[in-house]
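I'd like to ask you about the structure that follows.
Keep in mind it's a predicted model, so treat the numbers as computed, not measured.
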Amino acid sequence: MHDPNRLAALVAVAEAGSITRAAERLGYTTPALSQQLAKLEREAGTALLVRHHRGARLTGAGELLAARARRVLDELEQARHELARLTGLSGGTLRLGTFQTAGIHLLPSVLSAFRRAHPDVELTVAHLEPPAGVEAVAAGDVDLALTHSYEPADPVQLPASVSTEPVLVEELVLVTAPGHVLTSDTSRLPLSALAGQPLISMAPDHPARRGVEALLARAGATPSVLVATPVYALVCALVSAGLGVAVVPEMVARTAVTPVGMRPLGTGELRRTISVAHRAGGPAPAADAFRALLRGAFGRAKQGGV
């Protein structure tokens, strides 16, 4: 059984009249496509191409195999569409909600993978800062929403119709201006070392951050600037300018546009969990497929230290 990708390569050369043009069409480099074609010739046990200075033409055996290959590839494409219809992944719309950090740094690669696997499903993305995403899922306005929770924090009661699945747990870390004495070391910094430090406070009355802010206050950090809504890009910019220190998720610190110093805190008790919210019960093939991609992508992100 010939590899369908190699059959597609042969058909592309037949249509393009050149290995180079066929490679461009398929997204390969010319050497990589040449290797695929050489393997196909070895499998066929005969020459399939005649290469010349103007390009390449198929031999009689190549023309015969290319004709059969077109039929095979058409059948495979038809089978893919029929399977997609059976699983509910042909047509329709998948509506997503996301908060800013995940939307910028994690979601695009998952969207790209989903689009490649299910090109017939229309995608929409809404900016929904927690807890608005969970509320939108409960209301039926979106199918899935990326949301987050912080520790320490009071437990949040979810609507009965919504379930959440954790996909990434990350620590909160200290960020400072570059060269700050507190981030000159990479060991864990005790929270007590924040006593007297000017803190850029991340909305102490915001439900998600309330427990974290209370713990920092007990450690003696002194509010310097209050960012009334958690906008991490702004916080990191203020930190970088020397207006104070801040405690932010590790992903935020590592992807900050402005330069900041970073250091782990305490014993890792300050954390943020990123979850995907979805409606509980009932078949939802597109949403389920997207959640599976999220698990893999966010798992790789954590392994890579993001």
Side-chain angles (χ1 to χ4, degrees), residues 87-151 153-170 172 202-203 206-210 212 227-235 248-252 255 271-302 306:
T87 57
L89 288 169
S90 179
T93 300
L94 179 61
R95 303 164 302 164
L96 305 168
T98 183
F99 59 96
Q100 186 178 55
T101 310
I104 292 173
H105 299 294
L106 293 175
L107 193 60
S109 63
V110 186
L111 285 170
S112 180
F114 185 88
R115 171 54 53 82
R116 288 194 301 270
H118 311 294
D120 298 327
V121 178
E122 181 181 344
L123 296 170
T124 68
V125 182
H127 177 212
L128 297 169
E129 289 294 324
V134 170
E135 295 165 359
V137 171
D141 296 330
V142 297
D143 302 302
L144 298 173
L146 289 171
T147 188
H148 58 56
S149 59
Y150 287 77
E151 292 180 55
D154 295 329
V156 177
Q157 186 68 38
L158 290 173
S161 60
V162 177
S163 294
T164 59
E165 176 187 357
V167 289
L168 177 65
V169 180
E170 58 179 338
L172 304 187
M202 291 293 293
H206 190 275
R209 290 272 312 197
R210 190 175 292 140
V212 173
V227 178
T229 303
V231 180
Y232 283 125
L234 172 59
V235 168
V248 303
E250 184 179 359
M251 178 166 55
V252 170
T255 57
R271 291 188 295 270
R272 178 174 76 166
T273 299
I274 297 175
S275 302
V276 56
H278 58 95
R279 280 190 290 278
D288 291 344
F290 197 86
R291 285 164 54 201
L293 289 172
L294 279 173
R295 293 183 205 109
F298 281 36
R300 288 190 297 274
K302 185 59 179 174
V306 175

> Any idea which heavy atoms bring Ala277 and Val137 closest together, and the distance?
Replying inline: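 In terms of heavy atoms, the two residues are closest at O-CG2, 3.8 Å.
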> What residue pairs, at least two apart or across chains, pass salt bridge (Lys or Arg N to Asp or Glu O under 4.0 Å) with a residue in residues 96-109?
Replying inline: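 Qualifying pairs, neighbours excluded: none.
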> When rounded to the nearest 0.5 angstrom, what is the spacing between CG in Leu94 and NE2 in His118?
Replying inline: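 These two atoms lie 9.5 Å from each other.
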> OG1 of Thr273 to CD of Glu151: how many Å apart, nearest 0.5 Å?
Replying inline: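 The distance works out to 5.5 Å.
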> Would you say the side chain of Leu96 lies within less than 4.5 Å of the side chain of Leu111, judging by non-hydrogen atoms?
Replying inline: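 Of all side-chain heavy-atom pairs linking Leu96 with Leu111, at least one is under 4.5 Å.
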>> Is any side-chain heavy atom of His148 closer than 4.5 Å to one of Thr101?
In response: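 They are not in contact (no side-chain heavy atoms under 4.5 Å apart), so the answer is no.
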>> Apply side-chain contact (heavy atoms from CB on, under 4.5 Å) to residues Tyr150 and Leu172 and explain how you reach the verdict.
In response: CA-CA 9 Å; Tyr150 287 77; Leu172 304 187; 4.0 Å; yes
> Looking only at heavy atoms, what is the nearest atom pair of Gly133 and Val142, with distance?
Replying inline: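 Taking every non-hydrogen atom into account, O-CG2, 4.3 Å.
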>> Working to the nearest 0.5 angstrom, can you tell me the gap between Leu146 CG and Leu128 CG?
In response: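 Rounded to the nearest 0.5 Å, the CG-CG separation comes to 10.0 Å.
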> Roughly how far apart are Ile104 CD1 and Tyr232 OH, rounded to 0.5 Å?
Replying inline: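 Between atom CD1 of Ile104 and atom OH of Tyr232 there are 13.5 Å.
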> Is the backbone of Arg291 close enough, under 3.5 Å, to the side chain of Glu165 for a donor and an acceptor to pair up by distance?
Replying inline: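 A pair under 3.5 Å: no.
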> Given side chains that start at C-beta, do those of Thr147 and Pro131 come closer than 4.5 Å, heavy atoms only?
Replying inline: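 Side chain of Thr147 against side chain of Pro131, heavy atoms only: no contact under 4.5 Å found.
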>> To check you understand the geometry: which heavy-atom pair defines the closest contact between Thr164 and Ser275, and what is its length?
In response: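 The answer is CB-CB, 4.2 Å.
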> Any idea which heavy atoms bring Gly103 and Pro108 closest together, and the distance?
Replying inline: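 So the two residues come closest at O-CD, 3.1 Å.
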> Which salt bridge (Lys or Arg N to Asp or Glu O under 4.0 Å) pairs, counting each pair once, include a residue from residues 96-112, with sequence neighbours left out?
Replying inline: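 Found none.
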>> Using 0.5 Å steps for rounding, measure from the CE atom of Met202 to the CZ atom of Arg210.
In response: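 It comes to 14.5 Å.
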> To the nearest 0.5 Å, what is the distance between CG (Leu294) and CZ (Phe114)?
Replying inline: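 Here the interatomic distance stands at 10.5 Å.
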> Can you list every salt bridge (Lys or Arg N to Asp or Glu O under 4.0 Å) pair that touches residues 128-147, not counting sequence neighbours?
Replying inline: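 Those involving residues 128-147 are Arg95-Asp143, Asp143-Arg279.
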